[in-house]
Amino acid sequence: MNKFAAKAASALCAFGLGMALTVSVQAATPAEEQIIERIKPVGSVCVEGDENCGGAAAVAAAGSSAGGRSGEDVYKASCSACHGTGVLGAPKFGTNELQLRLDEKGMETLLTHALNGFNAMPPRGTCSSCSDEEIQASIDYMLGN
Ligand code: HEC
């Protein structure tokens with residue numbers, strides 16, 4: 001081995017060792033972070049009144065458990081997209097279509113269908129955070145009550 005080759009080899013060696021060191025030293029933390037990130041739960045349960053919960057989650061929990069949303073609010077947020085224009089044959093708001101169904105089937109059936117879904121009517125009108133009372137209130141609102 002000539003002098004140059006020896007130097008190159010040792011430089012390469014030092015470089016390789018350096019790389020190995022930096023990789024092993026640096027890799028530890030981000031790798032651990034990635035693992036923590038990967039295995040952490042998808043959602044976290046927020047108990048009402050828990051000050052440590054995320055602000056938005058706490059507000060959502062308070063909103064749904066307090067039954068705070070009015071029938072109008074729920075209708076506008078979750079039902080109007082279909083019932084406003086009668087999409088897919090949804091009883092149209094501002095007409096007597098829903099009233100006719102009420103006369104025919106009764107409120108219990110309408111509520112059950114609104115909660116569980118009925119043909120193209122999705123369960124809870126896709127408002128999964130809506131309480132039964134809020135769904136009932138939005139039906140009442142659609143009926144003009
Ligand atoms: C994706 C569109 C869509 C959304 C959003 C939606 N609905 Fe409907 N809904 C329908 C359709 C379509 C029907 C008619 C189903 C049928 O008769 O086959 C219907 C029917 C109903 C009925 C009558 C059920 C029956 O037995 O005749 C009620 C009550 C109702 N919806 C309430 C709601 C409420 C309350 C919301 C909001 C919380 C909502 N819907 C959101 C599409 C929707």
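Numbering of ligands and ligand atoms starts at 1, following listing order. What you see is a predicted model, and the numbers here were worked out from it, not measured in a lab. The basis for the numbers below is simple: all heavy atoms, side chains too, and nothing from hydrogens, waters or symmetry mates.
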**Study point:** Close-contact set for ligand 1 against H113 heavy atoms, below 4.0 Å
**Key:** 24 (C), 25 (C), 26 (O)
**Study point:** Contact atoms of ligand 1, heavy-atom distance to C82 under 4.0 Å
**Key:** 1 (C), 2 (C), 3 (C), 4 (C), 5 (C), 42 (C), 43 (C)
Point to revise | Shortest protein contact, atom 37 (C) of ligand 1 (heavy atom only) | key: C79 SG, 1.9 Å
Review point. Do L100 and I139 sit in the same hydrophobic cluster, where Ile, Leu, Val, Met, Phe, Trp and Tyr count as joined when their side-chain heavy atoms come under 4.5 Å apart?
Key: no
Study note, to complete from the structure: min-distance protein heavy atom vs atom 22 (C) of ligand 1 -> L98 CD1, 4.1 Å
Study note, to complete from the structure: The angle formed at atom 8 (Fe) of ligand 1 by SD of M121 and NE2 of H83 is about (to 10 degrees) 180°
Review point. Quick one: does L98's side chain get under 4.5 Å of L110's, heavy atoms only?
Key: yes
Practice item. Indicate, with yes or no, if L143 and V74 share a hydrophobic cluster defined by side-chain heavy-atom contacts under 4.5 Å among Ile, Leu, Val, Met, Phe, Trp and Tyr. Key: no
Exercise for review: Kindly confirm or rule out an SG-SG distance below 2.5 Å between C130 and C127.
Suggested key: yes
Practice item. Under 4.0 Å from a heavy atom of I135: give me the atoms of ligand 1 that qualify, with their elements. Key: 38 (C)
Practice item. Could you check if a side-chain atom of P91 sits within less than 4.5 angstrom of a side-chain atom of R101, using non-hydrogen atoms only? Key: yes
Review point. Nearest to atom 35 (C) of ligand 1, what protein heavy atom do you find, and at what distance?
Key: S138 OG, 3.2 Å
Study note, to complete from the structure: Counting from 1 in the order shown, the ligand 1 atoms closer than 4.0 Å to a non-hydrogen atom of R124 are 38 (C)
Practice item. Side-chain contact test, heavy atoms from C-beta onward, threshold under 4.5 Å: evaluate it for E104 versus T109 and give yes or no. Key: no
**Study point:** Which residue and heavy atom of the protein sit nearest atom 15 (C) of ligand 1, plus the separation
**Key:** F118 O, 3.6 Å
**Study point:** Residue pair H83 / M121, side-chain heavy-atom distance below 4.5 Å
**Key:** yes
Point to revise | Heteroatom proximity flag, S78 to ligand 1, N/O under 3.5 Å | key: no
Review point. Hey, is C127 touching ligand 1 through its side chain, its backbone, both or neither, going by heavy atoms under 4.0 Å?
Key: neither
Exercise for review: Give the atoms of ligand 1, by number and element, whose distance to some non-hydrogen atom of M142 is under 4.0 Å.
Suggested key: 32 (C), 33 (C), 34 (C), 35 (C)
Practice item. Please name the pair of heavy atoms, one in S131 and one in R124, separated by the smallest distance, quoted to 0.1 Å. Key: C-NH1, 3.7 Å
Exercise for review: Would you mind telling me if ligand 1 is within reach of the side chain of P122, the backbone, both or neither, using heavy atoms under 4.0 Å?
Suggested key: side chain
Practice item. Please work out which of A114, C130, A90, G71 has its closest non-hydrogen atom nearest to atom 11 (C) of ligand 1. Key: A90
Exercise for review: Output the list of atoms in ligand 1 that are nearer than 4.0 Å to some heavy atom of L88, sorted by atom number.
Suggested key: 12 (C)
Check your understanding: What residue and heavy atom of the protein are closest to atom 29 (C) of ligand 1, and at what distance?
Key -> L110 O, 3.8 Å
Check your understanding: Can you name the closest pair of heavy atoms from A90 and C82 and give their distance?
Key -> CB-O, 3.8 Å
Study note, to complete from the structure: Per-atom filter on ligand 1: closer than 4.0 angstrom to a heavy atom of N119 are 16 (C), 18 (O)
Check your understanding: K105 heavy atoms, cut-off 4.0 Å: which ligand 1 atoms fall inside?
Key -> 25 (C), 26 (O), 27 (O)
Review point. Given that the side chain starts at C-beta and the backbone is N, CA, C, O, which of these parts of P91 lies under 4.0 Å from ligand 1, counting heavy atoms, or is it both or neither?
Key: side chain
Exercise for review: For the residue pair H113 and K105, establish whether any side-chain heavy-atom pair is separated by less than 4.5 Å.
Suggested key: yes
Review point. In terms of hydrophobic clusters joined by side-chain contacts under 4.5 Å, are Y141 and L111 together?
Key: yes
Check your understanding: Is the closest side-chain donor-acceptor distance between D140 and Q136 under 3.5 Å?
Key -> yes
Check your understanding: Short N/O distance, under 3.5 Å, between R101 and ligand 1?
Key -> yes
Review point. Atom 41 (C) of ligand 1: which protein heavy atom is closest, and how many Å away?
Key: G125 CA, 3.4 Å
Check your understanding: Does T126 come within less than 4.0 angstrom of ligand 1, counting non-hydrogen atoms of the residue?
Key -> no
Check your understanding: Is there side-chain contact between S78 and E134, with heavy atoms separated by less than 4.5 Å?
Key -> no
